[in-house]
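For reference, the structure discussed in these notes is given below.
For the numbers below, each heavy atom of this structure counts, side chains included, while hydrogens, waters and symmetry mates do not.
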Amino acid sequence: MSLQDVFIEELRDLYSAENQLVKSLPKMARAASGSELKDGIKNHLEETKGQVDRLKQIFQILGKKPTGQHCNGMEGVVAEGKEAIESDEEGATKDVQLIGASLRVEHYEIAGYTAAIAIAKTLGQKEIVGLLTETLKEEQATGKLLLSQAKPLLKEAGSEDDADEEEDSDEPEDGEEAESKRKSEEDEAEAQKSEGEEPKVAPAKKTAKSKK
């Protein structure tokens with residue numbers, strides 16, 4: 001595979017990622033409580049649509065179709081965003097969750113566009129470098145905006161916790177949470193194996209007396 005082929009794959013991956021966001025962002029906007037965050041997500045939706053058009057322009061320059069590859073990475077990040085959308089939390093705490101999910105999206109995109117720009121520069125595609133850089137700057141600006149919005153929300157969420165203290169349980173509430181907890185423990189065990197450590201084993205629950 002040539003570097004040009006790798007470049008096309010990277011661009012198609014980004015195109016798929018942006019289209020997935022066009023579908024996901026309206027749901028995040030509806031889930032947001034604060035008007036500032038809600039408006040920010042709506043504005044980024046319009047920006048994302050422009051980024052899709054910019055990628056279409058790049059593919060026209062290259063004489064290639066933009067479709068042909070699904071971005072599995074963005075699918076996973078969007079799935080995490082869905083967890084925040086469907087969370088039972090409310091108010092500032094809910095918005096903090098949404099901002100966390102949104103920041104994951106932005107950093108994923110920043111990494112993708114940074115890689116694509118590096119390849120475009122190597123291939124001497126100056127016009128494409130300019131188009132991709134424009135999008136990269138938008139993603140970086142969105143990330144900074146999200147962080148600035150998070151600061152007052154974090155304080156507000158902390159106040160809500162102080163006013164309404166509840167017992168926090170580590171036990172998963174439903175089947176989906178239980179499956180997530182199981183996978184997390186598997187990840188930890190596999191990581192310990194790769195580092196040469198003995199995996200930590202949770203103490204067995206006492207049931208019937210064992211036979212001697």
Evaluate the side-chain proximity of Gln149 to Leu146: yes if any heavy-atom separation is below 4.5 Å, no if none is. yes
N-O pairing of Lys49 and Glu46 below 4.0 Å: yes
Checking Asp13 side chain against Glu9 main chain: does a donor-acceptor pair fall under 3.5 Å? no
With a 4.5 Å cut-off on side-chain heavy atoms, are Ser87 and Lys94 touching? yes
Heavy atoms only: give me the nearest Ala31-Ile85 pair and the separation to one decimal. CB-CG2, 4.0 Å
Under the side chain to side chain contact (heavy atoms under 4.5 Å, CB included) criterion, do Tyr15 and Leu11 qualify, and how do the steps go? CA-CA 6 Å; Tyr15 183 73; Leu11 291 172; over 6 Å; no
Show the nearest heavy-atom pair for residues Tyr108 and Cys71, with the distance to one decimal. OH-SG, 3.4 Å
Under 3.5 Å, is there a donor-acceptor pair between the side chain of Lys38 and the main chain of Met28? no
Going by heavy atoms in the side chains, are Leu45 and Pro26 under 4.5 Å from each other? yes
Kindly determine whether Gln97 and Glu80 satisfy side chain to side chain contact (heavy atoms under 4.5 Å, CB included), including the steps that lead there. CA-CA 10 Å; Gln97 289 181 320; Glu80 289 197 1; over 6 Å; no
If we only count heavy atoms from C-beta on, is the Arg54 to Glu138 side-chain gap below 4.5 Å? yes
Might you work through the side chain to side chain contact (heavy atoms under 4.5 Å, CB included) test for Leu132 and Gln125, ending with a clear yes or no? CA-CA 11 Å; Leu132 292 172; Gln125 294 281 4; over 6 Å; no
Under 3.5 Å, is there a donor-acceptor pair between the side chain of Ser16 and the main chain of Arg12? no
Taking every non-hydrogen atom, the tightest pair across Ala120 and Val129: CB-CG2, 3.5 Å
Shortest non-hydrogen pair, Thr114 vs Ile110, comes out as OG1-O, 2.6 Å
Would one find more than 12 heavy atoms of other residues, nucleotides or ligands at under 6.0 Å from atom CD of Gln4? yes
Separation of Leu98 CG from Leu103 CG (nearest 0.5 Å): 11.0 Å
Given the rule in the side chain to side chain contact (heavy atoms under 4.5 Å, CB included) test, do Leu123 and Ile128 qualify, once you have shown the distances and angles that lead to the verdict? CA-CA 10 Å; Leu123 294 172; Ile128 293 176; over 6 Å; no
Got a donor-acceptor contact below 3.5 angstrom from the Ser24 side chain to the Gln20 backbone? no
State, with a plain yes or no, whether a side-chain heavy atom of Leu14 is found less than 4.5 Å away from one of Thr135. no
Is Val52 close to Leu21 at the side-chain level, that is, under 4.5 Å between some pair of heavy atoms? no
With side chains defined as the heavy atoms from C-beta onward, is the minimum distance between Glu109 and Glu18 less than 4.5 Å? yes
Is there a side-chain contact between Val105 and Met74 in this structure, where contact means two heavy atoms from C-beta onward sitting under 4.5 Å apart? yes
In this structure, are over 12 heavy atoms from other groups packed under 6.0 Å from Glu75 atom CD? yes
Tightest non-hydrogen contact, residues Ser33 and Asp95, listed as N-OD1, 2.8 Å
Considering all heavy atoms of both residues, which atom of Ala32 and which atom of Ile41 are nearest to each other, and what is their separation? CB-CD1, 4.4 Å
